[in-house]
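Order of the sequence lines sets the chain letters (A, B, ...), proteins ahead of strands, with each chain counted from 1. Just so it is clear, the values below take in all heavy atoms, side chains as well, and ignore hydrogens, waters and symmetry mates.
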Amino acid sequence: MQLPKNYNPKDSEMRWLEFWEKEKTYSFDHKSKAEIYSVDTPPPTVSGKMHLGHSFSYAQQDFVVRFQRMLGRNVFYPFGTDDNGLATERMIEKMKNVKGQFMKRKEFVELCLKTLEDIRPDFVYDWKRIGISADFNIFYTTINEHCQKISQKSFIELYKSGRCYRKEGPTIWCPECQTAIAQVEMKDEEKTTNLAYIGVKTEKGDPLVFATTRPELYPSCVGMSVNPNDERYKKYVGQKVEMPLTNAKIELTADDMIDPEFGTGVVYFCSSGDAQFLDWETRHSVKSNIYILNFDGTLNEKAGAYKGLTIAEARKRIVDDLSKLGLIKKTEPLKHAVNVHERCGTAVEYMVSRQWYIKYLDLKEDFIEYGRKIKWHPEHMRIRYENWVNGLKWDWNISRQRHFGIPIPVWYCRKCAEIIVADENQLPVDPLVDKPLKECKCGSLDFTGEKDVLDTWATSSLTPDIAIGLFDENTQKKLFPMNLRPQAHDIITFWLFNTVVKSCFHHKNIPWHDVMISGFVLDPYGKKMSKSKGNIIDPRDMVKKYSADALRFWAAGSKLGDDMPFQEKDLVTGSKFITKIWNASKFAYLHLKDYKLQRPGKLHLTERWVLSKLSKVAKDATENFMNYEYSHTKLETETFFWHTFCDDYLEIIKGRLYNADKSGEDARLSAQYGLYNTLLAIIKLMAPIMPFITEELYQLYYKSHEKTKSIHLTKWPDIKMIDEHAEKIGDFVVQVIEFARRQKTAKQLSLKTPIKKLTIKAKIEEIDFDEVEAEIKAATSAEHIIFEPTRGKHPEKDLEVEIEF
RNA sequence: GGGCCCAUGGUCUAGUGGCUAGGACACAACCUUCACAGGGUUGAGACAGGAGUUCAAUUCUCCUUGGGCCCACCA
């Protein structure tokens, strides 16, 4: 087989993508008896395109999966898309220029579903394009009927077991998205706000100044506190404070949580607004709360004259009005963290509304224990998980006031207010359209359907059930718990944790044995990539410019869990590797044309040397892959290929390959044997990292001998040809050759310049030297070699070489 | 404020309780018809600072400094 001069990754990669799809190379065989390796693939969110971070972490998980497949495992590697969340809803509103809240839910949902059908294939293609070896026929979208059924079933089970409850209470609320959100959906943002110092008087006329960043909440003030040990204010505790503008009279109380150092040491509390109030409220009697915020973030009638204003408008007006009364003593800018909704960046409010929750704060210890049963890669990521669990303060709010999503499957009886949950047989159900199967206990047939939908995490936390739920019960048993959950570290607290929670409830078991946590791709300066910074790199551009293999090679360069700054030049390294392995194969195949898998009569020492080294590399590669340390496998294979194989081995055997007349046919056969097996092992070791070039090289030559239809279905190399003696002699040969190269370079001579006399003194036996003399001669272009075994005469030096040109 | 991770040549990194601390990119010199100019050979260049454990620390412990991340949080 003569390879073309150059390798064209673009043509080749497209060809193999088609081939794998046609041949179903990566399909899961549920009838197979082979050991299963199951993966809980992260379903990417359809809103948007694959970004560089995706290609990074999905490539990393794919390395491991491909390795497992080559070990002979029956790989279950499904692929889904996540498209039931708020992010999707917002994307479609933008794309179609509509507002969900002004449409009928049914119409809007239909529009969403239809739009998703249109964009999904292109979206998924990006994953295929980088060589993700998932079985794309085991497919789900988190909004399809299958997922709706499973998600609603989960809700019903939890409801029946008393884990799901509905409660009116303070909720974290996003006024922009107009929905309740969960603790995990918040992030903090450094913001500078004005801290206003407001002067009021106690009923006895003593002046009191408090500071606030939220003056707009003034009309809802229900209490004021100072630290009980604060000498300045002790004497006022218990008095009423008169509030101008609203003419309210509120009580001044003592509370430990007040920091005397902050502001003036006097704090006012408002029913709306912030989490701290909720804490405070539990210790102080509040006769009636004053909720002045509407769900859309404007003020309601309880704000009196400020009704209808937005938060920002009210803030300005109230400060102005207080100022006119001379009550604003001063304002100063304050830098502090504000909790915002992570999807839209709007500051959250704490509102009272009726929501559905999953009760789980009582199970913290169980969650910790589950986390410890799972093997984490890298290990320290578990600590993040535990920190999160220990810090949980709220039950899991799973209801969302949105249109697009999986409906909460309940109705409320109009007559007796009883909650009726859907029957499992009628799932999926939309309570706004469907009716309960039976009448209410009270006999009524008059129901209101719940209009809220489930939080997207309530569904995506069920991905193991969703994926394996596509198969029969028998197969399901074999697939659970799954072997692996791969994901990036940013969603340990969302997706990973929530999945453990659901698995704990529904299976009383861990969802997977192993998790592998990928790092992030940063920009070249180590900063997070984000649209707002404009430092986004599109992975598709990189694939076009370099190749999917080069991109994957780059992704294999970072240790699992480590973040990596992106530098485009790193993709050049992968491209170079591709060129190098192509050229080395071109050379090998040229000399293997007439090779028919014969074994030589005697394996030459150089072959024993290279195969011994290869055995060790293969062993390490296997161990590293087992521990999810793909970067070590890649590095070691790369070094072995480039230096041991190309620079040394190929150079050493050239003499035997080109001049069989001199060295003999068996010596050439030995070289062919070494060449065939070493290169085959190399491309196999690289196959999980660079699936395209290795497939191309396999198909062009090895396939006709090895018969397996794809390199990715061949057996992972397990070579046991360790020969320490051969390694020692081979290393000696390499040292001599390197010495000759150094001399020639120092004298600015061509490496092919003949050497008249090469004198070698070394601690090896003549009998061994005789075996490699011809190779040293050929590789150094030496005309004459004088060898002298030193045998401990010069213990300080193993090797001495002299060269005469 | 609590926690986690990290600190190696100009840049990105590998690695080890003891060998000349390895590689990639960039840099310099030279070589190059025989697999490879996206090549080869050679060269210059680094363990953040301090203390401790040890015969021996780049490696282990602590502190400082500097980065990154997670969580909590201030009226």
Chemist: Between the base of G23(B) and the side chain of Thr639(A), is there a donor and acceptor pair under 3.5 angstrom?
Modeler: no
Chemist: Classify Lys752(A) by what it touches in the nucleic acid, base, sugar-phosphate, or nothing, heavy-atom distance under 4.0 Å.
Modeler: base
Chemist: Need one value for Lys654(A): base, sugar-phosphate or nothing, where a base atom within 4.0 Å counts as base even if backbone is also close, heavy atoms only.
Modeler: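 Base, at least one base atom sits under 4.0 Å.
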Chemist: To the side chain of Thr579(A), which of G39(B), G38(B), A14(B) is closest?
Modeler: G38(B)
Chemist: Choosing from C71(B), C69(B), C36(B), which nucleotide comes nearest the side chain of Trp388(A)?
Modeler: C71(B)
Chemist: Between the side chains of Ser225(A) and Asp255(A), is a donor N or O closer than 3.5 angstrom to an acceptor N or O?
Modeler: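 Their side chains do not contain a donor-acceptor pair, so the 3.5 Å distance test is not met.
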Chemist: Under 4.0 angstrom, heavy atoms only, what part of the nucleic acid is Trp582(A) near: base, sugar-phosphate, or nothing?
Modeler: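 Nothing, no heavy atom under 4.0 Å.
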Chemist: Once salt bridge (charged side-chain N to carboxylate O under 4.0 Å, His left out) is applied, what residue pairs with a partner in residues 631-643 of chain A remain, sequence neighbours excluded?
Modeler: Lys634(A)-Glu638(A)
Chemist: Return the pairing partner of A14(B) with a 3.5 Å limit on both distances, Watson-Crick or G-U wobble; otherwise return none.
Modeler: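 A14(B) is unpaired by these criteria.
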Chemist: By the 4.0 Å heavy-atom rule, please label Asp490(A) as base, sugar-phosphate, or nothing.
Modeler: nothing
Chemist: Distance check needed: C34(B) P versus Leu657(A) CG, whole Å only.
Modeler: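 Computing the Leu657(A):CG to C34(B):P distance gives 16 Å.
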Chemist: Between A57(B) and U20(B), how far apart are the two P atoms, rounded to whole Å?
Modeler: 15 Å
Chemist: Which whole-number value in Å describes the distance from Leu571(A) CG to A24(B) P?
Modeler: 17 Å
Chemist: When rounded to the nearest Å, what value does the distance between P atoms of A26(B) and A21(B) take?
Modeler: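 Roughly 25 Å separates the two P atoms.
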Chemist: Could you check, using the six-membered ring where one of them is a Trp, whether Tyr589(A) and Tyr676(A) have ring centers closer than 6.0 angstrom?
Modeler: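 Ring centres of Tyr676(A) and Tyr589(A) not closer than 6.0 Å.
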Chemist: Is it the case that the ring center of Trp554(A) lies less than 6.0 angstrom away from the ring center of Phe566(A)?
Modeler: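 Ring centres of Trp554(A) and Phe566(A) closer than 6.0 Å.
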Chemist: What's Tyr268(A) touching, base or sugar-phosphate or nothing? Going by heavy atoms closer than 4.0 Å.
Modeler: sugar-phosphate
Chemist: Which listed nucleotide (U13(B), C31(B), C4(B)) is nearest to the side chain of Pro565(A)?
Modeler: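 The answer is U13(B).
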Chemist: Output the single nucleotide from A75(B), C73(B), C36(B) whose closest atom is nearest the side chain of Asn339(A).
Modeler: C73(B)
Chemist: Quick one: label Glu568(A) by what it contacts on the DNA or RNA (base, sugar-phosphate, nothing), any heavy atom closer than 4.0 Å.
Modeler: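 Glu568(A): no heavy atom of the nucleic acid under 4.0 Å.
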Chemist: Given the ring of Phe587(A), does Lys654(A) sit roughly above its face, with NZ or CZ under 6.0 Å from the centre of the six-membered ring and within 45° of the axis?
Modeler: yes
Chemist: Is the phosphate of G15(B) approached by His632(A) (side-chain N or O, under 4.0 Å from OP1 or OP2)?
Modeler: yes
Chemist: Counting side-chain heavy atoms from C-beta on, which of A14(B), A24(B), A75(B) comes nearest to Thr573(A)?
Modeler: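 The answer is A24(B), which lies nearest to the side chain.
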Chemist: Counting the atoms with a prime plus P, OP1 and OP2 as sugar-phosphate, which does Thr212(A) contact under 4.0 Å by heavy atoms, base, sugar-phosphate, or nothing?
Modeler: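 Sugar-phosphate, backbone atoms only, no base.
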